[in-house]
Protein chains: 2
Amino acid sequence: MAAVSEPGNRKVTRRDVARHAGVSDAVVSYTLNGGPPVAPATAARVRESVRLLGYTPNAAARALRMGSSRLIGIVVPDSRNPFWAELCHAVEILARARGFAVLVVNTDDDSSLTIEYFQSLASRQVDGVLIAASIEESDVARLNAVGVPWALLNKSTPVAGTRGTGVDLVAGARTATDHLIGHGYGRIGFVGRIDDPRYLGWRDTVVGAGLEPGPVFNTTFVREGGYTAGRELAAAHNELDAVFVSSDMLATGVLRALHEAGLGVPGDVAIASFDGSPESEYSWPGLTTVRQPIDELALNAVEQLLDPSYIDNRRIEGNLVVRESCGCHPPIS
Amino acid sequence: MAAVSEPGNRKVTRRDVARHAGVSDAVVSYTLNGGPPVAPATAARVRESVRLLGYTPNAAARALRMGSSRLIGIVVPDSRNPFWAELCHAVEILARARGFAVLVVNTDDDSSLTIEYFQSLASRQVDGVLIAASIEESDVARLNAVGVPWALLNKSTPVAGTRGTGVDLVAGARTATDHLIGHGYGRIGFVGRIDDPRYLGWRDTVVGAGLEPGPVFNTTFVREGGYTAGRELAAAHNELDAVFVSSDMLATGVLRALHEAGLGVPGDVAIASFDGSPESEYSWPGLTTVRQPIDELALNAVEQLLDPSYIDNRRIEGNLVVRESCGCHPPIS
DNA sequence: ATGAAAGCGCTAACAT
DNA sequence: ATGTTAGCGCTTTCAT
């Protein structure tokens, strides 16, 4: 009763289908992939055999023959970060709609691994790779040498000779910091990586406004780091009245630490953050944050990767989403 | 002096390496994969040619020949949910250490897609599939018929004939609910999917304790759903003094709604939740939750998938992590 | 409308 | 220690 393909059976190949339907290998291919026209009756017989035998084409053979695996890779700093998780998810949906599957690789924030992982993806014959990790100018040539198309998923900073749109991190940090300045806060701190463009954006903005930069809490992009920074920040809270935090995930940790310390947000310390991930909306208080347009970034990257003639290398400005953490709105209650 | 492989060049094959090094194809294979011994000098020459030509083996050809792609698939309800994101990440690390890459597929909580995606993964010649989505008894035979090894990543409920460990959802909901009862709360509500085992665990526990079940807020596992449930819950807060929430992600939404409504946690409504994801630790107040041992689940699933002789089908009990939302600890401050 | 056959790049059994 | 060669399952050109 069950289909022929039971566990332990030899894999059903296209040849088996051909024999079963009494046709040649080619006709099965034509029927399935729409080559030269096939007589309706023959096609029906083939399809019936496919069903009966439980045949599924061997993607490895097809990839070898066609030189295309219909696979794309994506290199991401940390897919547990809600922002990257959203981005990966968006890419997957788009890729699937185009018949591609997605290979996700985490560098765990070690961007020196990017090239190595890129190469390993390339050897798997992926048709392209999306890079979300940060890239040096000097990496471009090495990446190009591999011969696999690639695009930046979120080009944070301009890199000559690269494809892909992205949100301008410097401008984003400026937007957030300006907003804080507009509130009248005079001592604005920073939480994030100091080797990140957002650090520059923050610093330039406060200095440009004639303010003295507030304390800097250097941390990598992990929740724990945000929390630790938050504790230090709480201890030093009389040295600042507001802070720009480089990501929502970090801000969540800061918020927790501030709450623990009995400090009010925005009362004691106002916060503006970055990413616009879902957790920024559901935290307490809601985070004022610079939203990255995830769907647009993903669509743009996937299109460029798959269609060489499609070119759009714009740097997008993130949108400020105003919630309660900056002091604009009182917490609804 | 870039390597020979520049964009546009024909792909470098193993044959090119063989010619360049003045040896046969086989020797290249032996050198790279450790077959029969190769003279040290020859091996060195081969390796040099590999480097010079920028050769990377074609994984599709290897997969076709070997019948193994060194790829595993993972079917997950929603990789944006921090719990699944953690699990996927853990699986990726383990898989990479074993030379496997991971194909992530989201069902977006539509478990009827599981089989379809499983088959598409199978046609890509994956060496195994980890299934995190829920499975019906009736799916088992169909899954087995495909002939690709699979294991449950988080076997939430016992399903005959399946492999993989998992946390007992019913017992977990019981643990959380019992803890709430232990606090003396007499009217305990529920937030989650009512077709989920946790609903049963909650209901049995309150009824078993001689309590009348509190209000039920039915929702799928999305943040927005938690928030909506939270608003309804806030409106009905005089009908309950505590609530069991089926996941941390949902609980985050509930917390937000409660804060908005000016209700205190645990003062007005105590909460116990499920998953033990990072956001439960950094929310405010911290969530008392039943932690799923992510690394253990992932390790177990990967091992079983890759090693047919390894069998461990235990149902694990989740550990209660006590924080502030249940009323055990006052918020630190 | 259908069939025969070459060849994608690799591994491994079998020569030498 | 090294070389030769037969396929893995597929697509596609060229015949018929």
Side-chain angles (χ1 to χ4, degrees), chain A residues 5 9-47 49-50 53-71 99 122-127 147-148, chain B residues 5 9-47 49-50 53-71 99 122-127 147-148:
Chain A
S5 148
N9 274 18
R10 196 179 56 75
K11 264 274 171 198
V12 177
T13 79
R14 202 211 37 195
R15 172 157 220 115
D16 300 322
V17 175
R19 290 221 209 290
H20 186 270
V23 298
S24 73
D25 300 22
V27 172
V28 179
S29 221
Y30 299 158
T31 306
L32 265 29
N33 311 331
V38 175
T42 315
R45 224 165 56 244
V46 168
R47 263 187 271 275
S49 299
V50 165
L53 301 181
Y55 167 71
T56 43
N58 181 324
R62 170 191 284 244
L64 175 58
R65 173 66 225 236
M66 310 257 285
S68 156
S69 56
R70 297 199 81 76
L71 230 42
S123 83
R124 287 187 180 275
Q125 307 302 109
V126 296
D127 292 318
V148 172
Chain B
S5 149
N9 274 18
R10 197 179 55 76
K11 263 276 172 196
V12 178
T13 79
R14 201 210 37 197
R15 174 158 219 115
D16 300 322
V17 175
R19 290 220 208 289
H20 186 271
V23 298
S24 73
D25 300 22
V27 172
V28 180
S29 220
Y30 299 158
T31 305
L32 266 29
N33 311 331
V38 176
T42 315
R45 224 164 57 245
V46 168
R47 262 186 272 274
S49 299
V50 165
L53 301 180
Y55 167 72
T56 42
N58 181 324
R62 171 192 282 243
L64 175 58
R65 176 64 227 239
M66 310 257 285
S68 155
S69 56
R70 297 199 80 77
L71 229 42
S123 83
R124 287 187 180 276
Q125 308 301 110
V126 297
D127 292 319
V148 172

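To find a chain, count down the sequence lines: A is the first, B the second, and so on, and within it residues start at 1.
Atom C1' of nucleotide dT12(D) and atom CZ of Arg62(A) are separated by 13 Å, given to the nearest angstrom. When rounded to the nearest whole Å, the span between CZ of Arg19(B) and C1' of dG3(D) equals 13 Å. To the nearest angstrom, P of dG9(C) lies 12 Å from CG of Leu64(B). Atom CG of Asn58(B) and atom P of dG9(D) are 17 Å apart (whole Å). In this structure, the NZ atom of Lys11(A) is 19 Å from the C1' atom of dG7(D), given to the nearest Å. At whole-Å resolution of the value, CG in Leu32(A) and P in dC10(D) are 10 Å apart. One can place CZ of Arg15(B) at 12 Å from P of dG7(C), the figure rounded to the nearest angstrom.
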What protein N or O atoms touch nucleotides 1-5 of chain C N or O atoms at under 3.5 angstrom, if any, and at what distances?
residue	atom	partner	partner atom	Å
dT2(C)	OP1	Thr42(A)	OG1	2.6
dT2(C)	OP2	Ala39(A)	N	2.8
dG3(C)	OP2	Ser24(A)	N	2.6
dG3(C)	OP2	Ser24(A)	OG	3.1
dG3(C)	O6	Tyr30(A)	OH	2.7

Identify every side-chain donor-acceptor pair in residues 27-37 of chain A under 3.5 Å, counting partners at least two apart or on other chains, and give the distances.
residue	atom	partner	partner atom	Å
Thr31(A)	OG1	Val27(A)	O	2.7
Asn33(A)	OD1	Arg62(A)	NH2	3.4

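Applying the side chain to side chain contact (heavy atoms under 4.5 Å, CB included) criterion to Ser49(A), with sequence neighbours excluded, gives Val17(A), His20(A), Ala21(A). Every residue two or more places apart in sequence or in another chain that forms a side chain to side chain contact (heavy atoms under 4.5 Å, CB included) with Asp127(A) is listed here: Ser68(A), Ser69(A), Arg70(A), Phe100(A). Under the rule for a side chain to side chain contact (heavy atoms under 4.5 Å, CB included), the partners of Arg15(A) that lie at least two apart in sequence or sit in another chain are Thr13(A), Arg19(A), Asp25(A).
For the salt bridge (Lys or Arg N to Asp or Glu O under 4.0 Å) condition, no pair includes a residue of residues 27-47 of chain A, sequence neighbours left out.
To the nearest 0.5 angstrom, Thr56(A) atom OG1 is 4.0 Å from Lys11(A) atom NZ.
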